[in-house]
S.K.: 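Take a look at this one; I'll ask things after.
For ligands, and for the atoms within them, numbers begin at 1 and follow the listed sequence. Everything numeric here is computed off the predicted structure, so don't read it as measured data. Just so you know, residue 1 is the first one in the sequence shown, and it goes up from there.
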Amino acid sequence: MTSCQIKEQDATDTLNVANTLDVESFRKQFPIFANHPDLIYFDSASTTQKPQIVVDELLDYYTNRCANAGRASYSWSTQLTRDIEETRKKVAQFLNCEVKNLVFTGGATDSLNMAALSYGLNNLEDGDEIMLCQQDHKSAVLPWYNVQEMLQARGKNIHIKHFTIHEVGDYDLKSIKAQLSPRTKVLAMAHVHHVFGLDMEVAKIREIVGDDVVISLDASQSVGHTTVDAQTLPVDMISFSGHKMFAAPGVGGLYIAPRIAAKIKPVRLGGQSPVAITENGLEYSAKSMHQLIECGTLNIPAILSLGKAVDFIQSVGIDAIEKQLSDLTVYLWQKLMDLPGLAFAPGIGICGCDSGFGIISFRFEQLAALDLTFLLDAEKIFVRAGDHCTEKSGEEDYLRVSMHAYNTKAEIDQLVEVLQAATN
Ligand SMILES: Cc1ncc(COP(=O)(O)O)c(C=O)c1O
């Protein structure tokens, strides 16, 4: 999916798009749905449910081979070290990047902080500018304010400029052009917006800002939903979470493009860091971004589970997942359109795109979003309200439905029925 194009034709014309994913057998891979047959889980943008293959991997680590990795010489430890590196290869292949450019982190928030600190502290100079959007997730926004404060303490004034999202739901490119200056050094952006659900058009933004600006991409809502290709995305850093793509919480990834690799300085050091203490300070001898940035005991079971999550996604195919998600999004949009008093947030609801990534947000004139979440909870339908982790106020009234490929059209029908009854 690319930009949001206003869809003029009748909304019912895409209702019968065939699913290429076998949803029932896909869904059967998730034990939670067998244990809770009445569960309707519409909060996958927050975290996804876990397939059996991921659950088994975690259990296997804790019950059969628990040890540390990268330290001891006994077989369990060395095997785990190999398994972690095999997982890194698998994830790197999945993102189409070189292994040496992929860092395991604790999750997207960790990756985004690491990106801001390890690039920003080392490269930004007095008077430089960072561009970001306050309607993005705070995990993508606040780390740059942190960099600003830390550099201020070193006598460097960094300016943060804001670009906006227009009512259609993607970035207002005019506001990016207006804020751009020769001092713009970094731009932080989302790949797919976590409330509005649109592809935020990286290529167009790169075209506007030119090659010299470092782009940090928050791909939390795109990895595992659509193809994320580090070679073709014109960005310098890509952050994502494992738990939003079927793996366990506590692992994420940070891709660092070769062109900025030499400019990265780690902000955490520890037992595994290839650093020598010399009379002139610290000397780094890392051969890869992960050697440079990872330190301490990694979240071994979560990393192994990420490998299994990638296997799982690849066994059904990312294209099939994307198509199922897109079909569900369009179906949800069509059903919601009929509800009286419903106002869509920017994104799919407004622009009527004929595809999507599983996220639609909306509100009702007559009922607060939070009240609706309680009503829906009573029917075991889990959706999200609140500030959606954004700094800018206004989003808190929105109810967000976020799906993954295990959701069904029948579940959407049930949601809409409850909403209809609640708002009548
Ligand atoms: C767009 C976006 N960025 C970052 C995050 C933070 O992810 P995590 O909580 O896994 O660190 C989220 C989580 O909801 C998100 O949706």
Side-chain angles (χ1 to χ4, degrees), residues 41-50 54 91 103-117 132-146 163 165 169-171 187-202 205 215-226 228 233 235 237-255 268 293 298-299 302-303 305-306 309 325 329 345-348 356-361 373 382-392 395-396 398-404:
Y41 187 75
F42 282 146
D43 197 19
S44 291
S46 187
T47 198
T48 58
Q49 296 300 333
K50 314 304 172 203
V54 162
V91 179
V103 180
F104 285 135
T105 66
T109 301
D110 197 26
S111 303
L112 290 157
N113 274 277
M114 213 84 91
L117 293 168
L132 51 82
C133 175
Q134 285 187 310
Q135 281 171 283
D136 281 344
H137 198 285
K138 277 192 211 169
S139 293
V141 168
L142 291 180
W144 294 105
Y145 281 91
N146 194 23
F163 53 93
I165 289 179
D170 43 19
Y171 295 128
L187 182 140
M189 64 175 290
H191 192 191
V192 169
H193 197 271
H194 69 295
V195 185
F196 307 140
L198 289 184
D199 180 328
M200 304 304 269
E201 307 194 286
V202 186
I205 289 168
I215 297 184
S216 171
L217 187 73
D218 180 356
S220 302
Q221 301 297 344
S222 56
V223 177
H225 298 68
T226 182
V228 174
L233 278 171
V235 299
M237 295 184 275
I238 302 175
S239 298
F240 62 96
S241 275
H243 71 97
K244 293 181 197 293
M245 52 175 288
F246 309 127
V251 63
L254 172 62
Y255 160 77
R268 295 184 307 142
I293 290 182
L298 299 176
N299 191 335
I303 290 173
S305 85
L306 180 60
L325 264 174
T329 316
I348 304 291
F357 298 96
I359 297 175
I360 299 188
S361 301
T373 63
F382 297 167
V383 297
R384 171 94 182 260
D387 67 3
H388 299 292
C389 298
T390 53
E391 180 63 26
K392 206 170 161 158
E395 266 92 69
E396 61 269 20
Y398 291 128
L399 198 73
R400 179 184 72 183
V401 174
S402 63
M403 303 176 282
H404 220 304

S.K.: Is the contact between A108 and ligand 1 made by the side chain, the backbone, both, or neither, using heavy atoms and a 4.0 Å cut-off?
M.R.: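 Both backbone and side chain of A108 come within 4.0 Å of ligand 1.
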S.K.: Please walk me through it: do R384 and C389 pass side chain to side chain contact (heavy atoms under 4.5 Å, CB included)?
M.R.: CA-CA 11 Å; R384 171 94 182 260; C389 298; 3.7 Å; yes
S.K.: Say you draw a straight line from CG of L198 to CD of Q221; how long is it, rounded to the nearest 0.5 Å?
M.R.: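 Interatomic distance, L198 CG to Q221 CD, rounded to 0.5 Å: 12.5 Å.
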S.K.: Answer yes or no: is there a side-chain heavy-atom contact under 4.5 Å between H194 and D136?
M.R.: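 Answer no - side chains too far apart.
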S.K.: Where's the contact between H193 and ligand 1, heavy-atom distance under 4.0 Å: side chain, backbone, both or neither?
M.R.: neither
S.K.: Minimum heavy-atom separation for S46 and S402, please, with both atom names.
M.R.: N-OG, 4.5 Å
S.K.: Would a 4.5 Å heavy-atom cut-off, applied to side chains only, mark F246 and H404 as touching?
M.R.: yes
S.K.: At what distance is the nearest protein heavy atom to atom 16 (O) of ligand 1, and which residue and atom is it?
M.R.: Q221 NE2, 2.7 Å
S.K.: Could you measure the distance from the OG1 atom of T390 to the NZ atom of K138? Nearest 0.5 Å is fine.
M.R.: 7.5 Å
S.K.: List ligand 1 atoms under 4.0 Å from S139, heavy atoms only on the residue side.
M.R.: 4 (C), 6 (C)
S.K.: Looking only at protein heavy atoms, which one is nearest to atom 13 (C) of ligand 1, and how far off is it?
M.R.: K244 NZ, 2.5 Å
S.K.: Report yes if some N/O of S241 lies less than 3.5 Å from some N/O of ligand 1; otherwise report no.
M.R.: yes
S.K.: So which protein heavy atom does atom 15 (C) of ligand 1 come closest to, and at what separation?
M.R.: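 Ranked first by proximity to atom 15 (C) of ligand 1 is H137 CD2, 3.2 Å.
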S.K.: Decide yes or no on side-chain hydrogen bond (donor to acceptor under 3.5 Å, both in side chains) for S111 and T105, but give the supporting numbers first.
M.R.: CA-CA 6 Å; S111 303; T105 66; 2.7 Å; yes
S.K.: What do we get for T109 next to ligand 1 when only non-hydrogen atoms under 4.0 Å count, side chain, backbone, both or neither?
M.R.: both
S.K.: How far is atom 2 (C) of ligand 1 from its nearest protein heavy atom, and which residue and atom is that?
M.R.: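 The protein heavy atom lying closest is D218 OD2, 3.3 Å.
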